[in-house]
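For reference, the structure discussed in these notes is given below.
Keep in mind that the numbers below use all heavy atoms, side chains included, and drop hydrogens, waters and symmetry copies.
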Amino acid sequence: MQQFEKILQHIKVESEKECKEIAVTANNECNRIRSEYSKKEQEAYWAYVNNGSLEIEKRANQLTELAATQAAKMVHATQQEMLDRVLSLTAKKLSALPSRKYTEILAKLGIEPGLKPEFLVEQFRDDLTPSVTAALFD
């Protein structure tokens, strides 16, 4: 029976040794898998962050372009308003001229007498606009 106990003892020792080796191998494999998934998790995280950054940059560029367009529209509207005011003032000054002087101006322009100053300014608006614009905005 002693021989049998020795065999059982040997089997027990070998089993414990194998179990410890299996536990170490399993622990190492778990650590490797955790490390691999941690790396993948970090890669996914940074990909998400980078995509978010690209989206933010894209949106910022869109907003910048929109703001530039709106600013250009506002500047153009202001320029048009100033131009309208100048042309209106021109019409008022022409209206204030003595009739004879105004008729002379019409004759120099090759226009028949009797055209009201407002219509004169509007008729020559396209001709006046570049010089007025240059004087006001350049």
Problem - side chain to side chain contact (heavy atoms under 4.5 Å, CB included) between H10 and E14, intermediate numbers included - result: CA-CA 6 Å; H10 178 71; E14 287 296 316; 3.7 Å; yes

Exercise for the section: Would you check if the side chain of S88 reaches a backbone N or O of D84 as a donor-acceptor pair within less than 3.5 Å? Expected result: no

Exercise for the section: State the CG-CH2 distance between N51 and W46, to the nearest 0.5 angstrom. Expected result: 13.0 Å

Fill in the blank from the handout: Joining Ile, Leu, Val, Met, Phe, Trp and Tyr whenever any side-chain heavy atoms lie under 4.5 Å apart, the cluster holding I7 also takes in I11

Practice task
Nearest 0.5 Å please: distance from the OG atom of S53 over to the CD atom of E55.
Solution key: 10.0 Å

Could you go through residues 56-76 and list every donor-acceptor pair under 3.5 Å that involves a side-chain atom there, pairing it with any protein atom two or more places apart or in another chain?
| residue | atom | partner | partner atom | Å |
| --- | --- | --- | --- | --- |
| N61 | ND2 | E57 | O | 3.4 |
| T64 | OG1 | A60 | O | 2.8 |
| T69 | OG1 | E65 | O | 2.9 |

Exercise for the section: Quick one: list whatever passes side-chain contact (heavy atoms from CB on, under 4.5 Å) with E21, sequence neighbours left out. Expected result: K17

Problem - Atom pair OG (S38) and CD (E43), whose distance is rounded to the nearest 0.5 Å - result: 10.0 Å

Handout entry: Any residue meeting salt bridge (Lys or Arg N to Asp or Glu O under 4.0 Å) with E18, in chain and number order, not counting sequence neighbours
Key = none

Fill in the blank from the handout: For V13, the other hydrophobic cluster members (4.5 Å side-chain criterion, sorted by chain and number) are none

Exercise for the section: Using side-chain contact (heavy atoms from CB on, under 4.5 Å) as the criterion, list what pairs up with N27, not counting sequence neighbours. Expected result: N31

Practice task
Please collect all salt bridge (Lys or Arg N to Asp or Glu O under 4.0 Å) contacts where either partner lies in residues 23-32, sequence neighbours excluded, each pair once.
Solution key: E29-R32, R32-E36

In a table with atom names and distances, give each donor-acceptor pair under 3.5 Å that connects a side chain of residues 91-107 to protein atoms at least two apart or in another chain.
| residue | atom | partner | partner atom | Å |
| --- | --- | --- | --- | --- |
| S95 | OG | A91 | O | 2.9 |
| Y102 | OH | L115 | O | 2.5 |
| T103 | OG1 | S99 | O | 2.8 |

Exercise for the section: Considering only Ile, Leu, Val, Met, Phe, Trp and Tyr, and joining two whenever side-chain heavy atoms are under 4.5 Å apart, list the other residues clustered with Y37. Expected result: I33

